[in-house]
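Below you'll find the structure, written out as structure tokens, and then a few comments.
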Amino acid sequence: MRKSIGASESSSIYLLAICAGSILSLFASLALSKVSAGFGGMSVQNWIGYIIMQIAFIGCVLIYSKVRKVDLVSVARIHKPRDFRQFILTPFIAFATILVFLPLADLWTSFLDLINYPVNSGVAMPKDGNVGAYFLSLLVMAILPAIGEELLMRGNVYHGLSTKNVWFGILMSALFFSLMHANPLQTVHQFGLGITLAITLTLTNSLWACVLIHFFNNFISITLVNYLPQVSECIDKFGYFNWLTGFASVIVGLLLLVLLFYILYRLGDKHGEYRVVDGGIEYDEFTIKAILPEDTKTNPVKDFFKFFASLFTAAGWRRLTLTLSRKNEVQYFGKQPMSGVWIALVLVIVYWLYAFISRMI
């Protein structure tokens, strides 16, 4: 069984999954075209479409892995994290990601509004406060996507793309993730969420951590839409000061997100497997300190601010890249055929543009 897949191969899985999901959803929509019933303010076609897409993602990954003799558990990293305490951070990471990217998404939405894009044509979602519809939406729109999309995107696509280099994997998988939703209103937030999820997988080595973050992200969105519409009303009251609150949200959220990633790193490196001792000084990617007796504690707060300050230097980014590359634990292929990646990118951009133009007309 193969324990790694290349960039072009992961792009093929990506295209197969999207095509299978789109075709099956189209057939289901045609079969249910005469059904006018709905539930929770959503049509039956929408409910079924969400389910079919995730089943298609999971099915394509499983079938491809079986046919191509890929060790899915190893490739997708379906195992425990480096430290179980990393799971505790997942809801906070989801919240911090929303703080960072929601104002940016709102800014993007404002631009779309300026060019007369129908900004009210968002994701179909129950909004009438029906308790049954709320819990069904958690299953269909939070739990299933957290499993299906993570198995496909972080479990396979990110793995393959990161065999070129870790930043290529993080950024390209996030771009693929945002474009595959074919909803321009979601593009900015989904891209940011994709970056968060790829870094989380790298630092935890567990797909389950990504599944939890994805679930909490969707859970927060569904809950706000169903039961806290006052939040949007409160934001609207800021009027012209929205730019100030948005800027503060991005800055605070970014600081919190970096802090949470740093804690993930420290928890996952509790045995110091990546530290190097040289002349009585202990080096790791983020700190340099004299070797101390085992019962002496270092100051994690100072270590964090040293790390945060290093992000504004070229040397700091080199150390960060080295850390992520080591933590990623994939086989780096170096030079490899990349035509499949570019073909997949062009096709998914066309897919996104079709959705954009069809809603503009």
Side-chain angles (χ1 to χ4, degrees), residues 3-4 73-97 146 150-151 153-156 158-159 161-163 165-167 169-171 173-174 193-217 254-277 282-289 291-292 294 296-311 316-332:
K3 296 184 181 296
S4 187
V73 173
S74 296
V75 169
R77 291 175 257 200
I78 309 174
H79 39 61
K80 63 182 182 180
R82 292 187 168 100
D83 188 310
F84 275 100
R85 289 175 295 178
Q86 291 174 321
F87 281 157
I88 300 174
L89 300 179
T90 55
F92 303 102
I93 293 174
F95 177 71
T97 302
E150 290 312 303
L151 183 63
M153 295 306 306
R154 258 57 62 179
N156 284 263
Y158 170 61
H159 179 108
L161 294 174
S162 66
T163 59
N165 68 66
V166 69
W167 282 116
I170 290 171
L171 296 176
S173 65
L193 179 62
I195 292 175
T196 293
L197 291 166
I199 293 176
T200 298
L201 179 59
T202 303
L203 295 176
T204 63
N205 201 40
S206 174
L207 188 68
W208 296 116
C210 297
V211 169
L212 287 174
I213 292 173
H214 199 143
F215 165 76
F216 284 121
N217 175 83
L254 187 60
L255 184 62
L256 178 59
L257 191 58
V258 172
L259 173 61
L260 291 168
F261 282 151
Y262 182 74
I263 297 173
L264 279 184
Y265 160 75
R266 293 299 292 263
L267 289 175
D269 195 36
K270 59 184 176 180
H271 300 300
E273 64 264 37
Y274 298 133
R275 291 178 183 142
V276 180
V277 176
E282 184 177 288
Y283 296 84
D284 69 13
E285 285 81 2
F286 300 147
T287 60
I288 302 176
K289 56 183 178 290
I291 298 178
L292 303 172
E294 290 186 2
T296 303
K297 295 182 179 180
T298 60
N299 190 326
V301 176
K302 289 183 178 180
D303 286 347
F304 166 70
F305 281 106
K306 287 179 182 178
F307 162 63
F308 189 79
S310 75
L311 297 180
W317 275 98
R318 285 195 296 269
R319 287 194 296 271
L320 177 61
T321 300
L322 176 61
T323 298
L324 293 175
S325 298
R326 286 172 168 173
K327 288 285 190 182
N328 198 29
E329 296 185 5
V330 301
Q331 178 184 354
Y332 292 98

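Throughout, numbering of the chain's residues begins at 1 and tracks the sequence.
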Atom pair [atom1]/[atom2] of [X] and [Y] - distance to nearest 0.5 Å:
X      : Y      : atom1 : atom2 : value
Leu207 : Leu151 : CG    : CG    : 6.5 Å
Asn205 : Asp83  : CG    : CG    : 13.0 Å
Met153 : Leu201 : CE    : CG    : 12.0 Å
Arg326 : Asn328 : CZ    : CG    : 13.5 Å
Tyr265 : Tyr262 : OH    : OH    : 7.0 Å
Leu311 : Leu254 : CG    : CG    : 9.0 Å

query = Quick one: side-chain hydrogen bond (donor to acceptor under 3.5 Å, both in side chains) partners of Thr204, sequence neighbours excluded?
reply =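 Result, side-chain hydrogen bond (donor to acceptor under 3.5 Å, both in side chains) vs Thr204: none returned.
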key: For Thr97, all residues meeting side-chain hydrogen bond (donor to acceptor under 3.5 Å, both in side chains), sequence neighbours excluded   =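 Only Thr196 meet the side-chain hydrogen bond (donor to acceptor under 3.5 Å, both in side chains) criterion with Thr97.
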Less than 4.5 Å apart, side chain to side chain, heavy atoms only: is that true for [X] and [Y]?
X      : Y      : answer
Asn165 : Thr321 : no
Ile93  : Phe216 : no
Leu203 : Leu324 : yes
Arg154 : Val211 : no

request  = Would you check if the side chain of Arg82 reaches a backbone N or O of Lys327 as a donor-acceptor pair within less than 3.5 Å?
outcome  =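 Yes, Arg82 side chain to Lys327 backbone: donor-acceptor pair under 3.5 Å.
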Quick one: list whatever passes side-chain contact (heavy atoms from CB on, under 4.5 Å) with [X], sequence neighbours left out.
X      : value
Phe87  : Pro81, Phe84, Ser206, Trp208, Ala209, Leu212
Ile263 : Leu89, Leu259, Leu267
Ser4   : His159, Thr163, Gln331, Phe333

Provide the closest heavy-atom pair for [X] versus [Y] in the form atom of the first, atom of the second, distance.
X      : Y      : answer
Asn217 : Ala94  : N-CB, 3.9 Å
Ser173 : Tyr158 : OG-CD1, 3.8 Å
Ser74  : Lys3   : OG-NZ, 3.5 Å

ask   = So Trp317 and Trp167, would you call those rings parallel, tilted or perpendicular, with 30° and 60° as cut-offs?
value =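 Answer is tilted, since the angle falls between 30° and 60°.
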ask   = Near Phe305 CZ, under 6.0 Å, is it more than 12 heavy atoms from other residues, nucleotides or ligands?
value =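 12 or below, so no.
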message = Using side-chain contact (heavy atoms from CB on, under 4.5 Å), reason through Arg266 and Phe307 one step at a time and then give a plain yes or no.
response = CA-CA 12 Å; Arg266 293 299 292 263; Phe307 162 63; over 6 Å; no
task = Check ring pair (Phe, Tyr, Trp, His ring centres under 6.0 Å) between Phe215 and all other residues, then give those that pass, not counting sequence neighbours.
result =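 Phe215 satisfies ring pair (Phe, Tyr, Trp, His ring centres under 6.0 Å) with Phe219 once adjacent residues are dropped.
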key: Sole candidate of Leu264, Val258, Leu256 that passes side-chain contact (heavy atoms from CB on, under 4.5 Å) when paired with Leu260   =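 Only one option passes, and that is Leu256.
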